[in-house]
Amino acid sequence: MNVFRLAGDISHLLAIIVLVIKIWKTRSCAGISGRSQILFALVYTTRYLDLFTNFISAYNSAMKIFFIVASYATIFLMYSKFRATYDHNHDTFRIEFLIVPVSGLALLVNHDFTPLEILWTFSIYLESVAILPQLFMVSKTGEAETITSHYLFALGSYRTLYLFNWIYRYYAEGFYDLIAIIAGLVQSVLYCDFFYLYITKVLKGKRLSLPA
Amino acid sequence: KIKKTEKDEL
């Protein structure tokens, strides 16, 4: 565990907590893409199946369980408890356009052709693009609530911090995983435009709105 | 090749 990895994990944890608290406190999930949340639940479910086969540490297991539980709790809040506030008219990104190619790629490019390994690879690839429905929704409505942009910033920062973690681990331990690195790069690149808007607008106290 | 046991990241 190095400082980049720890900062990445904390950022990831904060993102998920911010989202749940935002929905709970405002009693509304307006502006949040349910489709991205479904993809994230699928990401955690397929990646953390090793909870049953492989124990790494109490920290590792606790975080995995928290991510899985929080992702399903978010889906429950969006599609059940606060369903009336869900902005489905603007949440129209076709997730099968992500799931189908990602499934094919996971079957073709993986470290080992075994069920758990393929599901892990699928989750890494899917995570890299899972935010697209949310970013699509923001671009469609042309704006995001400030709390939603904090959520997106924390979620995007997490994988970017992991990139530094992987650079560190490559030099310190000789450890590298090309699948995770390439997917992490793609994931971070997708956030670039948002990061720019966040830094130039939200951090200066303005609402995140896109130029018309 | 990365072994399953080396997947200590989240």
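Letters go in sequence order (proteins before strands), and every chain restarts at 1.
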*Answer yes or no: are there more than 12 heavy-atom neighbours, outside F195(A) itself, under 6.0 Å from its atom CZ?*
yes
*Taking every non-hydrogen atom, the tightest pair across K7(B) and D50(A)*: O-OD2, 4.4 Å
*Please tell me if the side chains of M1(A) and D8(B) come closer than 4.5 Å, counting only heavy atoms from C-beta onward.*
no
*Taking everything shown except R83(A) itself, do over 12 heavy atoms lie less than 6.0 Å from its CZ?*
no
*Assess whether atom CG of D193(A) is packed by more than 12 heavy atoms of other residues, nucleotides or ligands within 6.0 Å.*
no
*At a heavy-atom separation under 4.5 Å, does Y158(A) approach chain B through its side chain, its backbone, both, or neither?*
side chain
*Within residues 7-26 of chain A, residues adjacent to chain B where the heavy-atom gap is under 4.5 Å*: D9(A)
*Counting heavy atoms not belonging to Y168(A), are there more than 12 under 6.0 Å from its OH?*
no
_Exercise: identify the closest heavy-atom pair between F67(A) and L10(B)_ = CE1-CD1, 4.1 Å
*Hey, does D177(A) have a side-chain heavy atom less than 4.5 Å from the side chain of E9(B)?*
no
*Decide if atom OH of Y59(A) counts as having more than 12 heavy atoms of other residues, nucleotides or ligands within a radius under 6.0 Å.*
yes
